[in-house]
*Asks:* 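I am attaching a structure below and will ask some questions about it afterwards.
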Amino acid sequence: MEYTTIEQLNKFESKTVELKGWVYNKRGSKGLFFIVLRDGTGLVQCVVNNGEVNEASWEVASSATQESAIIVQGVVNKDERQVGGYELQVTSLELVSIAEEYAISPKSHGVEFLMNHRHLWLRSRRQWAIMRIRNRIIMSIHNFFQESGFIQADAPILTGNAVEGTSTLFEIDYFGDPAYLTQSGQLYGEAMAMAFGKIYTFGPTFRAEKSKTRRHLTEFWMIEPEMAFYDLAMNMDLVEDFLVYLVKDVLADCSVELDVLERDIEALKRVEKPFPRVHYSEAVDLLKSDKTWDMISEEIAALKAEVPVLEAELADNKKRYGQAKKWEKKKIDAREIEINQRQEEIKESLRNLPEWQESARNFEWGSDFGGSDETLLTRHYDRPIIVHRYPAKIKAFYMKRDPEDDRLALGMDVLAPEGYGEIVGGGERATDITFLEDQIAAHNLPIEVFKWYLDLRRFGSVPHSGFGLGLERMVTWICGLSHVRETIPFPRLLGRLHP
RNA sequence: UCCUCGGUAGCUCAAUGGUAGAGCAUGCGGCUGUUAACCGCAGGGUUGUAGGUUCGAGUCCUACCCGGGGAGCCA
């Protein structure tokens, strides 16, 4: 008998194995129980037959509650109908510990409830799939850079100054002096690139802005490569290769996870080189175009047409309800909830879309794109796009100017498709010390704290570039989720510090 | 900070201003191939808080508290 994990069951067909895990779900009848076992690597249905196990094992099967810990021995059978494709015919069962009444039942729950039980919610199947994909992406990130001659070099988390002077940071007391939790490893990354050539940082990042949206966390993980002797074009080539590489790995290794999440694989398969490269001015024109206006009008019309259809179904269901059998009533009730939720979604979209439409049309050259603008831009394409050369005044002080148009900075953002928006921000850095000194003054930043940074331009200044990838936003997009909060084990959000 | 939507049983949700309900979960009973199993029975409520309007408030009004979504800002 061999102890193994659910993930490895395909190597033990028709053999007897031992599994250790938790009861994910249980159903059964007088002499037969179906226990869905969860061990962290997957799920498997264990069949306990009264006639085939001893009394002690049968007692464990009858008394085990949801999330009770058990050790199961049994024969592995291939069964295509089951989750994971295998089933265990149980020969013996041992109870490790009985679980109290479990809060998260197999039915649906609201966001607040689940967030309050995040420590338990992580055991659920969707969360399992998301965390495994997160893990796969992290591994691929390291592989990509390590294979390409980068070394990982970490930037400090505690800093004495705000990097860009724009964001609101978390302030702490550092032995009597004010200090901040880092909002970016950027400047340190540049120093390390001058030391090692090509580096990447991978660590937590903190933003104290009071953003309450599906794209924001107050604590998130960022990957920031920085490369000496790279210009903007090379930087864009790198980010393109990088993202294609990550998506390919997830598609190759996480088909089960993507399936659990019901992710549209085709959308991910379209993530191929080359990504459209859209000049800021071009993006502004597209945003203000009739094409964008009409696209939204069509969407509004489609949503408006959906309302009477839903209402008709609701009325029809109500009519049938009186005479419906019990199981039909349950179906009607469930459908009613679905319809109500859909109606709320439509209402919200109908509130938002006209505003988006107006704001896109009235967009002024020189402003930064808002969340809705990014969504609208990406809807014109089937894969990520790279928007480059933004107005300098909306970008950080260290951005190099476009030699062909001084109003522009050599920055670039990658916008993910399907409405996911900005996942990468980066660009080519300024090399001229006088320019940087002027910029620091123009941004009202204290020159003293940038003394060390300016040294980088004093001793062998070279063209260099880099970017930052928001891990959680990447995972949200790859998994096709509606909110970043599910992409990190214990999300920190505005108003959320526990558990 | 501002805009917007919401708060009813442990959970998810119903309830033209007129007797607060259902499903799940829990307990008991039935069923040897179930797939969020099913069937029967039972327990379970100060409708977020405080006021107000009314013969009568879950429903209308005011204030506050908590949560969702969005703006600003950003990965």
*Asks:* Does any donor-acceptor pair link the side chain of A:H216 with the base of B:rC74 at a separation under 3.5 Å?
*Replies:*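 Result: at least one qualifying N/O pair found.
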*Asks:* In whole angstroms, how far is the P atom of B:rG70 from the NZ atom of A:K212?
*Replies:*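 Taking NZ of A:K212 and P of B:rG70, I get 10 Å after rounding.
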*Asks:* Using a 4.0 Å cut-off on heavy atoms, which residues in residues 469-488 of chain A reach RNA chain B? List them by number, or say none.
*Replies:*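 Heavy-atom cutoff 4.0 Å gives A:R473, A:H483, A:R485.
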*Asks:* Looking at A:F145, does the NZ or CZ of A:K198 lie under 6.0 angstrom from its six-membered ring centre and within 45 degrees of the ring axis?
*Replies:*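 The answer is no, since A:K198 fails at least one limit relative to A:F145.
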*Asks:* Between N or O atoms, less than 3.5 Å apart, protein on one side and nucleotides 40-43 of chain B on the other: list the pairs.
*Replies:*
unit_1, atom_1, unit_2, atom_2, d
B:rG40, OP2, A:K326, NZ, 3.2

*Asks:* Nearest to the side chain of A:E344, heavy atoms from C-beta on, is which of B:rC74, B:rC5, B:rC13?
*Replies:*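 Nearest to the side chain of A:E344 among the choices is B:rC5.
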*Asks:* Do A:Q45 and B:rU34 have a side chain to base donor-acceptor pair shorter than 3.5 Å?
*Replies:*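 Side chain to base: pair found, below 3.5 Å.
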*Asks:* Write down the distance between CD1 (A:I141) and C1' (B:rA75), rounded to a whole number of angstrom.
*Replies:*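 Spelled out: CD1 on A:I141 to C1' on B:rA75 is 12 Å.
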*Asks:* On the six-membered ring of A:Y390, is A:K395 placed so that its NZ or CZ lies under 6.0 angstrom from the centre and within 45° of the ring axis?
*Replies:*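 Satisfied, under 6.0 Å and within 45°.
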*Asks:* Checking side chain to side chain contact (heavy atoms under 4.5 Å, CB included) between A:F144 and each of A:V244, A:L243, A:D249, A:L238, which is the one that passes?
*Replies:*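 So the option named by the test is A:L238.
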*Asks:* Mind checking if A:D368 touches a base, just sugar-phosphate, or nothing, with heavy atoms under 4.0 Å?
*Replies:*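 The residue A:D368 makes sugar-phosphate contact but no base contact.
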*Asks:* Under the 3.5 Å rule, do the base of B:rU34 and the side chain of A:Q82 count as making a donor-acceptor pair?
*Replies:*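 When only heavy-atom distances are counted, A:Q82 does reach the base of B:rU34 through a donor-acceptor pair under 3.5 Å.
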*Asks:* In terms of relative ring orientation, are A:Y280 and A:F369 parallel, tilted or perpendicular, with 30° and 60° separating the classes?
*Replies:*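 Answer is tilted, since the angle falls between 30° and 60°.
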*Asks:* By the 4.0 Å heavy-atom rule, please label A:D413 as base, sugar-phosphate, or nothing.
*Replies:*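 It contacts nothing in the nucleic acid.
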*Asks:* If you check the A:S108 side chain, which of B:rG33, B:rA36, B:rG72 turns out closest?
*Replies:*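 Looking only at heavy atoms from C-beta outward on A:S108, the closest nucleotide is B:rA36.
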*Asks:* The side chain of A:R214 is closest to which nucleotide in this list: B:rG69, B:rC74, B:rG67?
*Replies:*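 Nearest to the side chain of A:R214 among the choices is B:rG69.
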*Asks:* Do A:D154 and A:Q152 get their side chains close enough for a donor-acceptor pair, meaning under 3.5 Å?
*Replies:*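 On atom types as modelled, these side chains qualify, holding a pair under 3.5 Å.
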*Asks:* Base, sugar-phosphate or nothing for A:E100? Non-hydrogen atoms, less than 4.0 Å.
*Replies:*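 Nothing, no nucleic acid heavy atom in range.
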*Asks:* With respect to A:H464, which candidate in A:K400, A:E190, A:R429 satisfies the side chain to side chain donor-acceptor pair (under 3.5 Å) definition?
*Replies:*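 It is A:E190; the other options fail the test.
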*Asks:* Start at the 5' end of RNA chain B and walk down; is the nucleotide closest to A:T218 or to A:R496 reached first?
*Replies:*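 That would be A:R496.
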*Asks:* Taking only the side-chain heavy atoms of A:R27 (C-beta and beyond), determine which of B:rG72, B:rU34, B:rA75 contains the nearest atom.
*Replies:*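 Among the listed nucleotides, the one closest to the side chain of A:R27 is B:rU34.
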*Asks:* Kindly state each residue pair satisfying ring pair (Phe, Tyr, Trp, His ring centres under 6.0 Å) with at least one member in residues 479-499 of chain A, sequence neighbours excluded.
*Replies:*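 Of all non-adjacent pairs touching residues 479-499 of chain A, none passes ring pair (Phe, Tyr, Trp, His ring centres under 6.0 Å).
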*Asks:* Which whole-number value in Å describes the distance from A:I337 CD1 to B:rG21 C1'?
*Replies:*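 Taking atom C1' of B:rG21 as the reference, CD1 of A:I337 is at 13 Å.
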*Asks:* When the P atoms of B:rC73 and B:rU54 are considered, how many whole Å apart are they?
*Replies:*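 Here B:rC73 and B:rU54 have their P atoms 49 Å from each other.
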*Asks:* Verify whether one side chain among A:Q186 and A:E224 offers a donor that lies under 3.5 Å from an acceptor in the other.
*Replies:*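 No, because no side-chain N or O of A:Q186 sits under 3.5 Å from a partner of the opposite role on A:E224.
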*Asks:* Under 3.5 Å, is there a donor-acceptor pair between the A:T65 and A:S68 side chains?
*Replies:*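 A:S68 and A:T65 do have a side-chain donor-acceptor pair below 3.5 Å.
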*Asks:* Given B:rG72, B:rG33, B:rC11, which nucleotide is nearest the side-chain atoms of A:L32?
*Replies:*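 So the nucleotide nearest the side chain must be B:rG33.
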*Asks:* Relative to the ring of A:F113, is the ring of A:H117 parallel (under 30°), tilted (30 to 60°) or perpendicular (over 60°)?
*Replies:*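 Geometry flag for A:F113 against A:H117: tilted rings.
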*Asks:* Between B:rG58 and B:rU19, how far apart are the P atoms? Round to whole Å, please.
*Replies:*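 After rounding to an integer number of Å, I get 10 Å for this pair.
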*Asks:* Looking only at side-chain N and O atoms, does A:N25 come under 4.0 Å of OP1 or OP2 in B:rU34?
*Replies:*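 Checking B:rU34 against A:N25, no side-chain N or O comes under 4.0 Å of OP1 or OP2.
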*Asks:* Select one nucleotide: of B:rC74, B:rU4, B:rG69, the one nearest the side-chain heavy atoms of A:E348.
*Replies:*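 Ranking B:rC74, B:rU4, B:rG69 by closest atom to the A:E348 side chain puts B:rG69 first.
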*Asks:* Can you measure A:L415 atom CG to B:rC74 atom P for me and round it to whole angstrom units?
*Replies:*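 Value for this atom pair: 14 Å.
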*Asks:* Is it the case that the side chains of A:S297 and A:Q357 hold a donor-acceptor pair, with the cut-off being a distance below 3.5 Å and no angle test?
*Replies:*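 Present: a donor and an acceptor within the cut-off.
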*Asks:* Salt bridge check, A:K304 against A:E306: does any charged N sit closer than 4.0 Å to a carboxylate O?
*Replies:*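 No, A:E306 and A:K304 are not salt-bridged.
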*Asks:* Taking the side chain of A:V47 as heavy atoms from C-beta outward, which of B:rA37, B:rG33, B:rC5 is closest to it?
*Replies:*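 Side chain of A:V47 sits closest to B:rG33.
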*Asks:* Please say whether the positively charged group of A:R123, taken as NZ for Lys or CZ for Arg, lies over the ring of A:W128, i.e. under 6.0 angstrom from the six-membered ring centre and within 45 degrees of the axis.
*Replies:*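 Negative - A:R123 is either too far from the ring of A:W128 or too far off its axis.
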*Asks:* Using the P atom in both, what is the distance from B:rU4 to B:rA63, to the nearest Å?
*Replies:*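 Straight-line distance between the two P atoms is 13 Å.
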*Asks:* Which one, B:rC73, B:rA75, B:rG67, comes nearest to the side chain of A:R207?
*Replies:*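 Nearest to the side chain of A:R207 among the choices is B:rA75.
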*Asks:* Looking at B:rG33 and A:F34: do their rings stack (centroid distance under 5.5 Å, interplanar angle under 30°)?
*Replies:*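 No, the aromatic ring of A:F34 does not stack with the base.
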*Asks:* Please write out each protein N/O paired with an N/O of nucleotides 29-31 of chain B under 3.5 Å, distance rounded to 0.1 Å.
*Replies:*
unit_1, atom_1, unit_2, atom_2, d
B:rC31, OP1, A:K30, NZ, 3.3

*Asks:* Mind telling me whether A:F242 and A:F467 have parallel, tilted or perpendicular rings, with 30° and 60° as the class edges?
*Replies:*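 Geometry flag for A:F242 against A:F467: tilted rings.
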*Asks:* Could you list all N or O pairs between the protein and nucleotides 8-10 of chain B that sit under 3.5 Å apart?
*Replies:*
none

*Asks:* Dot-bracket for RNA chain B, 5' to 3', counting Watson-Crick or G-U wobble pairs under 3.5 Å, with [ ] for crossing pairs and | for inter-strand pairs?
*Replies:* (((((((..((((....[..)))).(((((.......))))).....(((((..]....))))))))))))....
*Asks:* Examine the side chains of A:N352 and A:S349 and answer whether a donor and an acceptor come within less than 3.5 Å of each other.
*Replies:*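 Note: A:N352 and A:S349 side chains miss the donor-acceptor criterion.
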